[in-house]
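Just follow the structure's listing: the first ligand is 1, and inside any ligand the first atom is 1.
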Amino acid sequence: MSTVLVAYATRRGSTEEIAEWIGDTLRIAGNTVDVRPAGDVPDIDGYDAVVLGSALYVRRWCRDARRFARRHRRALARRRVWLFSSGPLDHTADDGGLPPVRGVRRLSDRFGAEAVTFGGALRADVRGWIARNIAKDNGGDFRDRVQIRQWAGKIAADLAVVAAR
Ligand SMILES: Cc1cc2nc3c(=O)[nH]c(=O)nc-3n(C[C@H](O)[C@H](O)[C@H](O)COP(=O)(O)O)c2cc1C
């Protein structure tokens, strides 16, 4: 079994929960998993594989996730990497086919990593008037736990194949 890092960046916490769901699924499959904020990971030497994800704000990942990808680019290039984004406040991400934003597509190309976009979440009582205005018309929780766990299950299956070689 593999040692896996799930690193995430969030502003309001919903992406952290996604990272935890992914981590749970990988653990249940027998992997050793750390789920940590991307800004709190000094090095990735101890990990066989990395799942990196972030919330989307104005079509970009949060800064800590972008920094993580830059800072660890050499180490990431030598590992199996999966990328996820969370954002859309509607059902457009439900079928898993939503293309990644440009910056994430670039990372996906660089690391040969699959990149998926999941629905996001925004509470009606969010702080900040821009966010509250968005939440007024588009608030809600569009994260699909089944979809997220299925995606993590595929990662677990891929890791198991490599570990068995
Ligand atoms: C100001 C603002 C800008 C946003 N921009 C995007 C965006 O460009 N694309 C997208 O899919 N979602 C966007 N969202 C939705 C967030 O990505 C979504 O609420 C996400 O789940 C937030 O994750 P977090 O709770 O981990 O911070 C935006 C939300 C806010 C408040």
For this session: Please check if the side chain of Arg66 supplies one atom and the backbone of Trp61 the other of a donor-acceptor pair under 3.5 Å.
Result: yes
For this session: Can you pull out the closest protein heavy atom to atom 15 (C) of ligand 1? Residue, atom name and distance to 0.1 Å, please.
Result: Gly87 O, 3.4 Å
For this session: With sequence neighbours left out, write down each residue that passes ring-ring contact (aromatic ring centres under 6.0 Å, His included) with Phe142, or none if nothing qualifies.
Result: His91
Problem set entry | From Ile134, Ile18, Leu56 - option closest to atom 13 (C) of ligand 1 by heavy atom | Leu56
Problem set entry | For atom 25 (O) of ligand 1, the protein heavy atom that lies nearest, with its residue and separation | Ser14 OG, 2.7 Å
For this session: May I ask you to decide if Ser86's main-chain N or O and Thr15's side chain share a donor-acceptor pair within less than 3.5 Å?
Result: no
Exercise. Mind checking whether Tyr57 has an N or O less than 3.5 Å away from an N or O of ligand 1?
Worked result: yes
Exercise. Taking Arg132 for the side chain and Val126 for the main chain, is one N or O donor matched with an acceptor at less than 3.5 Å?
Worked result: yes
Exercise. So, Arg79 side chain and Tyr47 main chain: donor-acceptor pair closer than 3.5 Å or not?
Worked result: yes
Exercise. Under the criterion side chain to side chain contact (heavy atoms under 4.5 Å, CB included), which of Val104, Ile148, Ile18 is the partner of Phe84?
Worked result: Ile18
Exercise. Taking distance alone, with no angle check, do Ala131 and ligand 1 share an N/O pair under 3.5 Å?
Worked result: no
Problem set entry | Ligand-side contact atoms (ligand 1) for residue partner Val58, heavy atom cut-off under 4.0 Å | 3 (C), 4 (C), 5 (N), 6 (C), 7 (C), 8 (O)
For this session: Using the side chain to side chain contact (heavy atoms under 4.5 Å, CB included) rule, pick out the option among Thr32, Val4, Val35 that qualifies with Arg27.
Result: Val35
Exercise. Relative to the heavy atoms of Ala55, which atoms of ligand 1 are at a distance of less than 4.0 Å?
Worked result: 22 (C), 23 (O), 24 (P), 26 (O), 27 (O)
Problem set entry | Numbered atoms and elements of ligand 1 in range of Arg12, under 4.0 angstrom, heavy atoms | 24 (P), 25 (O), 27 (O), 31 (C)
Problem set entry | Those atoms of ligand 1 less than 4.0 Å from some heavy atom in Ser86 | 17 (O)
Seminar exercise, completed: Counting heavy atoms under 4.0 Å, the part of Leu89 that contacts ligand 1 is side chain
Exercise. Which atoms from ligand 1 have a heavy atom of Arg59 less than 4.0 Å away?
Worked result: 7 (C), 8 (O)
For this session: Quick one: closest heavy-atom pair of Asp48 and Ser2, and the distance?
Result: OD2-CA, 3.3 Å
Problem set entry | Numbered atoms of ligand 1 (with element) below 4.0 Å of Gly120, judged on heavy atoms | 21 (O)
Problem set entry | Polar contact flag for Glu16 and ligand 1 (N/O pairs, less than 3.5 Å) | no
Exercise. When you check the gap from the basic side-chain N to the acidic O, do Arg106 and Asp109 get nearer than 4.0 Å?
Worked result: no
For this session: Return yes or no for this condition: an N or O of Leu122 is under 3.5 Å from an N or O of ligand 1.
Result: no
Seminar exercise, completed: Contacts of Phe68 meeting ring-ring contact (aromatic ring centres under 6.0 Å, His included) (sequence neighbours excluded), chain-then-number -> His72
Exercise. How close does the nearest protein non-hydrogen atom get to atom 20 (C) of ligand 1, and which residue and atom is it?
Worked result: Ala121 O, 3.8 Å
